[in-house]
Peer 1: 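Before I ask anything, here is the structure I am working with.
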There are 2 protein chains.
Amino acid sequence: MANIQQVAKHAGVSVATVSRVLNGKDKVTAKTKQKVEEAIQYLNYEPSMLGRNLRNSESRIVLILIPTISNPFYFEIIKGIENMALSQNYSILLCETDSKPEKEEIYFDLLRKKMADGVISMDPAVNVETLKELAENYAIIQCSEYGGGIGIPYVTIDSEEASYRAVKHLIQIGHRKIALMNSDEKFLYARERRMGYERALDEHGIPLNGDYIFYTQELGFEQGQLAMKKILQLEDRPTAVFAVSDLLAIGALKEINAAGLNVPKDIAVVGFDKIDFSNMTNPALTTVAQPMYKMGTVAARMLIEKIQGKTVDSVVLGHELVIRESTTG
Amino acid sequence: MANIQQVAKHAGVSVATVSRVLNGKDKVTAKTKQKVEEAIQYLNYEPSMLGRNLRNSESRIVLILIPTISNPFYFEIIKGIENMALSQNYSILLCETDSKPEKEEIYFDLLRKKMADGVISMDPAVNVETLKELAENYAIIQCSEYGGGIGIPYVTIDSEEASYRAVKHLIQIGHRKIALMNSDEKFLYARERRMGYERALDEHGIPLNGDYIFYTQELGFEQGQLAMKKILQLEDRPTAVFAVSDLLAIGALKEINAAGLNVPKDIAVVGFDKIDFSNMTNPALTTVAQPMYKMGTVAARMLIEKIQGKTVDSVVLGHELVIRESTTG
DNA sequence: GATGAAAATGTAATCGATTACATTTCGGGT
DNA sequence: ACCCGAAATGTAATCGATTACATTTTCATC
């Protein structure tokens with residue numbers, strides 16, 4: 001547990017020289033460098049980031065805000081962020097907010113107290129006012145979800161278009177009675193996905209049926225089951241369901257099976273996100289793939305640039321419809 | 001972005017007094033306290049943890065080492081750790097090692113550089129030698145996985161007993177040809193689970209059949225599929241499969257379905273861990289529930305006590321067999 | 001109002017690094 | 001041998017808090 005003073009003393013040089021060897025940007029003679037390195041070896045010295053961070057007024061930590069760790073949707077994004085961050089010597093603090101303002105505040109406080117250099121928010125339920133306020137003084141990027149027009153840079157996909165394509169696929173394979181399992185429209189992406197749904201119907205001359213649109217409070221498996229229960233009770237039962245998350249879709253799948261019906265023969269199902277599990281279900285799920293890893297790396301790069309004081313622009317990434325058994329049997 | 005000096009000046013007191021108000025343990029007059037609080041308000045002051053951490057030689061961050069974030073097994077444990085940690089004013093840094101020593105080293109370095117106060121390791125592939133060495137100077141707890149007899153406190157379940165009960169359940173509902181889908185026996189828990197399997201067979205007079213034991217490199221879905229493929233090709237096909245992780249079991253499930261066979265009629269399946277998804281499959285999976293949330297809180301409490309210099313003892317928690325459709329239809 | 005112990009507050013060292021600026025050393029040219 | 005600029009190294013301030021110890025204030029008591 002030696003410090004830089006002791007290393008300097010042992011090497012017979014000043015702390016400045018030790019620091020220079022450590023950081024390697026200022027010049028030191030090969031000979032002194034060796035002396036210092038020997039002392040470091042000998043004393044088993046590891047520079048303390050506490051001292052360095054204070055001096056540099058940085059923590060080299062970035063926060064990732066997610067509503068819950070249980071949604072596999074975030075896995076690849078997080079990996080993307082992590083790898084990019086690590087390559088730039090940042091570590092990531094994963095923050096589960098449970099969509100609760102109290103927990104959100106705990107993590108925002110880390111930012112205010114300089115324990116974190118920036119935030120990547122993926123929580124759609126984040127308090128936009130607080131975020132806007134924080135963005136004036138701190139580096140903040142929104143990833144996947146974004147509040148819309150608040151001047152915080154974001155990286156996301158074109159939800160409207162993705163939704164449009166998913167529904168169009170269902171129409172093209174012959175469906176006309178298509179239910180939409182959406183999340184609460186207080187979220188921008190939910191509104192966008194409904195618009196895509198409507199545009200696809202409209203374009204193919206299918207009248208909009210309000211009874212076919214369902215809203216769920218969260219994007220989980222249970223909510224999917226519940227919504228599907230309601231759909232199955234409709235008099236004029238849809239022949240296809242488009243769910244705005246894979247977990248919802250997997251819930252629907254299970255419920256359809258439980259009712260003794262077949263996917264996709266009786267009801268086709270499309271999900272959204274292409275989480276790992278969408279491939280493990282029976283049948284495998286047709287779904288919209290978001291470029292999650294890329295999204296993560298892009299978000300991380302943007303954040304780091306923001307931290308360095310550069311101005312960064314928002315990014316919209318592409319997506320892809322992955323057609324599997326739940327629509328084509 | 002005010003600092004404590006400016007607050008002191010503005011309030012007309014010394015920095016010591018401001019610090020006392022901040023920490024609230026030393027006494028200050030109501031009047032000065034108010035003055036200070038007004039100054040804090042006025043200047044929008046937030047104490048910097050960088051300064052505080054340096055002075056206190058702590059980071060108030062704990063590391064969680066997991067092989068991969070994609071295995072839902074860790075969710076509840078992480079939640080448990082997080083909640084306990086937050087309640088004690090610690091934040092958690094989630095570290096995905098991908099079971100690679102290089103990544104492991106990055107995170108261990110954070111510990112050495114005082115960026116973290118302790119580690120909870122859940123990586124079975126962790127380098128035991130390094131861990132042992134680190135444990136001499138730093139607070140380290142092993143959670144769920146443990147290297148065995150290295151003097152690092154751990155919290156886990158009785159794997160042998162859990163495995164025994166799972167297999168016994170299969171025997172009790174009539175199975176005698178039971179395959180074991182195990183992971184590499186370089187891991188202690190894998191050896192223990194095989195022992196439980198053997199004990200159950202032995203106790204019921206069922207001879208051990210080496211052809212029924214399969215080893216997989218990792219505990220994922222694909223490995224489960226692969227192993228199941230091999231099992232299905234056996235001449236004397238087993239009527240039941242016990243997999244040491246739910247992901248393996250889910251892979252098996254999918255493969256059995258793909259072969260046109262029925263679970264549990266043709267082949268019964270038991271998993272291990274009770275991850276969220278074990279309930280979402282069709283049929284729902286019989287599995288061994290580990291008390292994951294509890295495990296997390298216990299591990300976190302142990303770690304914090306270790307950080308505070310106390311000595312802590314290892315803990316073995318209970319488990320529970322959850323019987324669902326994949327064995328009882 | 002003087003006294004003194006207790007309570008409140010202040011002073012300054014400290015944690016461990018980085019770095020602007022000052023000083024020393026080096027080496028080439030004459 | 002001497003001079004001078006460049007290169008290497010050293011000195012000390014700095015980041016922003018906490019806290020041991022010193023000093024001042026308060027107030028009950030006589």
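What you see below is based on every heavy atom in this structure, not just the backbone, and it leaves out hydrogens, waters and symmetry mates. Quick note on labels: first sequence line is chain A, next is B, and so on, each numbered from 1.
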Peer 1: Output the rounded distance in Å from CZ (A:R112) to P (D:dG16).
Peer 2: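 After rounding, the gap between these two atoms is 19 Å.
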Peer 1: More than 12 foreign heavy atoms under 6.0 Å from CD of B:Q217: is that the case here?
Peer 2: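 For B:Q217, atom CD is not crowded (no more than 12 foreign heavy atoms under 6.0 Å).
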Peer 1: If I take atom CD in residue B:E58 and atom P in nucleotide C:dC15, what distance separates them, rounded to the nearest angstrom?
Peer 2: 16 Å
Peer 1: Are any side-chain N or O atoms of B:N71 and backbone N or O atoms of B:F73, one a donor and one an acceptor, separated by less than 3.5 Å?
Peer 2: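 Yes; judged by distance alone, with no hydrogens or angles, the pair exists.
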Peer 1: Quiz question: by atom type and distance under 3.5 Å, do the side chains of B:E37 and B:Q41 form a donor-acceptor pair?
Peer 2: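 Checked: B:E37/B:Q41 side chains show no N/O donor-acceptor pair below 3.5 Å.
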Peer 1: Is B:K35 salt-bridged to B:E38, cutoff N-O under 4.0 Å?
Peer 2: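 Answer for the salt bridge query: no.
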Peer 1: Over how many whole Å does the gap from A:M115 atom CE to D:dA17 atom P extend?
Peer 2: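 From A:M115 CE to D:dA17 P: 14 Å.
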Peer 1: Classify the side-chain pair B:S183/B:Y189 by whether it contains a donor and acceptor separated by less than 3.5 Å.
Peer 2: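 A donor-acceptor contact under 3.5 Å links the two side chains.
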Peer 1: Rounded off to whole Å, could you give me the CD-to-P distance for the A:Q6 and C:dA17 pair?
Peer 2: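 Rounded to whole Å, this separation is 9 Å.
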Peer 1: If you define the side chain from C-beta out and look only at heavy atoms, does anything of A:K306 sit under 4.5 Å from A:I140?
Peer 2: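 No, side chains not in contact.
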Peer 1: Whole Å only: how far is the CD atom of A:Q5 from the P atom of D:dA13?
Peer 2: 14 Å
Peer 1: For the pair made of CD1 in B:I4 and P in D:dT14, what is the distance, rounded to whole Å?
Peer 2: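 From B:I4 CD1 to D:dT14 P: 18 Å.
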Peer 1: Give the rounded distance in Å between these two atoms: NZ of A:K9 and P of C:dG16.
Peer 2: 14 Å
Peer 1: Strictly distance-based, threshold 3.5 Å: is any side-chain N or O of A:Q290 a donor or acceptor partner for the main-chain N or O of A:I157?
Peer 2: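 No, because the side chain of A:Q290 does not come within donor-acceptor range (under 3.5 Å) of the backbone of A:I157.
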Peer 1: Kindly indicate, with the supporting measurements, whether the criterion salt bridge (Lys or Arg N to Asp or Glu O under 4.0 Å) is fulfilled by A:K79 and A:E82.
Peer 2: CA-CA 5 Å; A:K79 284 190 194 182; A:E82 188 184 31; over 6 Å; no
Peer 1: Does anything in residues 10-21 of chain A come within less than 4.0 Å of DNA chain D? Heavy atoms only, and list the residues if so.
Peer 2: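 Those residues are A:G12, A:V13, A:S14, A:V15, A:A16, A:T17, A:R20.
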Peer 1: So, A:R301 side chain and A:M84 main chain: donor-acceptor pair closer than 3.5 Å or not?
Peer 2: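 Between the backbone of A:M84 and the side chain of A:R301 there is no qualifying donor-acceptor contact (under 3.5 Å).
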Peer 1: Between residues 26-53 of chain A and DNA chain C, which residues have a heavy-atom gap below 4.0 Å?
Peer 2: A:Y45, A:E46, A:P47, A:S48, A:G51, A:R52
Peer 1: Reckon A:N23 has a side-chain N or O less than 4.0 Å from the OP1 or OP2 of C:dT18?
Peer 2: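 It does, given that an N or O in the side chain of A:N23 lies less than 4.0 Å from OP1 or OP2 of C:dT18.
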Peer 1: Nearest whole Å is fine: how far is C:dT18 P from A:N3 CG?
Peer 2: 12 Å
